[in-house]
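Single-structure report; data block below.
Sequential numbering from 1 along the given sequence is applied to the chain's residues.
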Amino acid sequence: MKGGDNAPSLDLAAADRAVLAAFIAEAYDYGAASVKALSDADAAEKIEVFGNTVSRRQVQALLIDHSTHHRGSAIAYLRANGVEPPAFVGF
């Protein structure tokens, strides 16, 4: 998405639950900032992603859909294991 060099990183060998949670929050913040920084022309620009030519705007939609898919999977996993997932807040 034209993100900068300051992308978050993670040392999996040293990561515990709190570190993973902080990394996820930082990664979402980084992604949101990258999207907000795009001009209309940047968002419309065609790029190659996994062998397909798509606009950055299409990549944004794919990332939202992908994130929703994984949230749904995580909620099903938690419920199947007797854990009440956190409530969804849409805004």
- What pairs with His69 under ring pair (Phe, Tyr, Trp, His ring centres under 6.0 Å), at least two apart in sequence or on another chain? none
- Item | Closest non-hydrogen atom pair between Pro86 and Arg71, with its separation |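 Heavy atoms of Pro86 and Arg71 come nearest at O-NH2, 3.8 Å.
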- Query: Do you know the tightest heavy-atom contact between Ala27 and Pro8?
  - Reply: CA-CG, 3.7 Å
- Message: Suppose we screen for side-chain contact (heavy atoms from CB on, under 4.5 Å). Which residues come up paired with Ser39, at least two apart in sequence or across chains?
- Response: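 Ser39: side-chain contact (heavy atoms from CB on, under 4.5 Å) contacts with Ala41, Asp42.
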- Item | side-chain contact (heavy atoms from CB on, under 4.5 Å) involving Gln58 - partner list, sequence neighbours excluded | Lys46, Val54, Ser55
- Query: Do Thr68 side-chain atoms and Ile64 backbone N/O form a donor-acceptor pair below 3.5 Å?
  - Reply: yes
- For Val83, does its backbone N or O pair with a side-chain atom of Asn81 as donor and acceptor, under 3.5 Å?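 Pair absent, no side-chain N/O of Asn81 close to backbone of Val83.
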- Item | Partner residues of Glu45 under the side chain to side chain donor-acceptor pair (under 3.5 Å) criterion, sequence neighbours left out |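 Applying side chain to side chain donor-acceptor pair (under 3.5 Å) to Glu45 gives Arg56.
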- Task: Report the hydrophobic cluster partners of Tyr77, with the cluster defined as I, L, V, M, F, W, Y residues connected by side-chain heavy atoms closer than 4.5 angstrom, directly or transitively.
- Result: none
- By the rule that ILVMFWY residues connect when side-chain heavy atoms come within less than 4.5 angstrom, directly or transitively, which residues belong alongside Leu10?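 Answer for Leu10: Leu12, Val19, Leu20, Phe23, Ile24, Tyr28.
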Side chain proximity check, [X] to [Y], heavy atoms < 4.5 angstrom:
X	Y	result
Ile75	His70	no
Leu38	Gln60	yes
Ile47	Val59	yes

